[in-house]
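Here the structure is laid out as structure tokens; the discussion comes afterwards.
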Amino acid sequence: MCNCQKTNENFSYDIIKTDKHTGARRGVLHTPHGDIQTPIFMPVGTAATVKSVLPSTLKEIEAQIILSNTYHLYLRPGSDIVEKAGGLHKFMNWDRPILTDSGGFQVFSLGALRKISDDGVIFNSHIDGSRHIFTPESVMEIERQLGADIVMAFDECTAFGTEYAESKIAMERTLKWLKRCFESKHNDKQMLFPIIQGNMYEDLRIESVKATSEFAQCGIAIGGLSVGEPAEVMYKMLDLLQPFYPEKMPRYLMGVGTPDYIIEGVMRGVDMFDCVLPTRIARNGTAMTSNGSVTVRNANYKEDFTTLDSECDCYCCKNFTKAYLRHLVNTNEILACTLLSIHNIRFLLKLTENIRKAIENDNLLEFRKQFYEKYYGKLLQN
RNA sequence: GGGAAGAUUCCCGAGCGGCUAAAGGGAGCAGACUGUAAAUCUGCCGUCUUCGACUUCGGUGGUUCGAAUCCACCUCUUCCCA
């Protein structure tokens, strides 16, 4: 019996299995550029490139969908250029699904350069200081020009520690903007994902998830988490939200990418994750491996002629030693960025692949236990 | 043979009587990184277990309350003239 939720001809989500013990979901999201098996990790390619990794390599390591960014592409090269190029897929030579973030996060992370009002955000470019305005309408237009499969609503993300009153205003503003995003978007080839906000305040989060769900058509996102709060706080928020999501849609936890956050997220009903972490730490000389984090740059790998991760099937792990990788990192060679990025992305993709298998076998709890023992060298709480 | 400049902590290089264990780079070592203003950023970097103590600025000997800094000689380096 198909339980798929048809939203339009181009998008639908099937839940093909639910883990008996945790309720974690194994699903498939259908998009115009192909299917996405969930739970999934999505590599981030902010400026229309996953830094230092070829699209062909991303396919080899089985990346199913990648992110790109509205704010950054709007500034450079300009969303009109991308549109003239035939859209983002063509421009960057990636024919699988793409998700574009709206720039809401940049409004947050480039905080010093902007001014927010109900109408939108006036901000100065971090590149040349020039003044620009983002409104829900303009962001939807930019995302239309870029042409990603999934487009994020324009939201306001608040920092951990933001006071209640301010968080409430931001959450309510995000809802108002959401309504305008939907009103200004007329394109069945793109799926708009609304974003839940509300900082760490339970009533705000619940209000946000309820109202946001009204708009969700085939996917909903959880924003404003993993912004510096303790892990337990984030887990608590995810627990809180879980009863309120639209049932048969994928849930996307934005900006999350450590292995434990991903596993804990899946156990709390999340289906999609993205994070710059694997590529950023790669460029800074660190790898995630099945035996835990490895700072390849460290001196103790100088004469370590073993592979980075014997359980990994990526190009880096099949062909190079830690001593060589350390040498590349140490001499500031570009190849270090590439090889470690390939590995780290593959590691998280493989993690989500294993999670999917575990769900299929009603085995997620046992998988989690074994993974933690190996990765963190300890048993975690239940 | 004659003249000139110089020798500083792993390297380069500032300092030119006390505020100097000695600027700044580099190298080295470690840490951070979570919807990418990040191939970035932070810390350590003479020795000792910390406050602190001790040993350092080519060598030796002086001047001085006090010297990496001033003087003498020695050693070595570089440059110019024969």
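Only a predicted model underlies this, so the values are computations on that prediction, with no experimental measurement involved. Here is how names work: the chains are called A, B, and so on, in the same order as the sequence lines, proteins then strands, and each is numbered from 1.
- Protein atom CD1 of A:Ile40 is 17 Å distant from nucleotide atom P of B:rG35, rounded to whole Å.
- The distance between atom CD of A:Gln197 and atom P of B:rG35, rounded to the nearest whole Å, is 14 Å.
- One atom, OH of A:Tyr252, and another, C1' of B:rU34, lie 12 Å apart when rounded to the nearest Å.
- Within 4.0 Å of A:Arg326, counting heavy atoms only, lie sugar-phosphate atoms of the nucleic acid but no base atom.
- The partner of B:rC70 is B:rG62, by the rule that a Watson-Crick or G-U pair needs both atom distances under 3.5 Å.
- Summarising the geometry, the separation between CD on A:Glu229 and C1' on B:rG35 is reported as 13 Å, rounded to the nearest angstrom.
- Using N1 to N3 plus N6-O4 or O6-N4 for Watson-Crick, or N1-O2 and O6-N3 for G-U wobble, each under 3.5 Å, B:rU40 pairs with B:rA32.
- We find that A:Glu62 and A:Lys350 are not joined by a salt bridge, their nearest charged nitrogen and carboxylate oxygen being 4.0 Å or further apart.
- Side chain to side chain, A:Tyr301 and A:Asn330 fail the donor-acceptor criterion of an N or O pair below 3.5 Å.
- A salt bridge between A:Glu183 and A:Lys179 is present, with a side-chain N of the basic residue lying under 4.0 Å from a carboxylate O of the acidic one.
- Contact of the A:Met234 side chain with the A:Ser226 side chain is registered, since non-hydrogen atoms from C-beta on lie closer than 4.5 Å.
- Protein atom CG of A:Asn298 is 12 Å distant from nucleotide atom C1' of B:rG28, rounded to whole Å.
- Ring-centre distance between A:Tyr261 and A:Phe273: not below the 6.0 Å cut-off.
- One P atom belongs to B:rC10, the other to B:rA23, and the distance between them is 14 Å to the nearest Å.
- For the contact set between residues 204-212 of chain A and RNA chain B, defined by any heavy atom under 4.0 Å, there are no members.
- The aromatic rings of A:Phe123 and A:His132 lie parallel to each other, with less than 30° between the two planes, well short of the 60° mark.
- Using a 4.0 Å cut-off between charged nitrogen and carboxylate oxygen, A:Glu172 and A:Lys168 count as a salt-bridge pair.
- Spacing between B:rC79 and B:rG61 at atom C1', rounded to whole Å, works out to 30 Å.
- Using a 4.0 Å heavy-atom criterion, one finds that A:Thr286 contacts the bases of the nucleic acid, with or without backbone contacts as well.
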**OP:** Would you sort out whether A:Tyr74 and A:Ser138 count as a side chain to side chain donor-acceptor pair (under 3.5 Å), showing the intermediate values?
**Re:** CA-CA 11 Å; A:Tyr74 160 79; A:Ser138 73; over 6 Å; no
Subject >> Candidate pair A:Arg283 and A:Val276, rule side-chain contact (heavy atoms from CB on, under 4.5 Å), full reasoning >> reply: CA-CA 11 Å; A:Arg283 274 176 273 119; A:Val276 305; 5.8 Å; no
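- Checking B:rA4 for Watson-Crick or G-U wobble geometry (two distances, each under 3.5 Å) identifies B:rU78 as its partner.
- Rounded to a whole Å, the OH atom of A:Tyr261 is 12 Å from the P atom of B:rG35.
- Rounded to the nearest Å, the gap between the C1' atom of B:rG58 and that of B:rC65 is 28 Å.
- Following rounding to the nearest Å, A:Leu238 (CG) and B:rU34 (C1') show an atom-to-atom distance of 14 Å.
- A:Ile169 belongs to no multi-residue hydrophobic cluster, having no ILVMFWY side-chain contact under 4.5 Å with any other such residue.
- Using a 4.0 Å heavy-atom distance criterion, A:Gly228 is classed as making no nucleic acid contact.
- When both pairing distances are held under 3.5 Å, B:rC54 makes a Watson-Crick or G-U pair with B:rG46.
- Straight-line distance from the CD1 atom of A:Ile195 to the C1' atom of B:rG35: 8 Å, rounded to whole Å.
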Original post:
With the sugar-phosphate defined as primed atoms, P, OP1 and OP2, and the base as all remaining atoms, what B/S/- string results for nucleotides 36-47 of chain B, 5' to 3', for protein heavy atoms under 4.0 Å?
Top reply: BBBBB-------
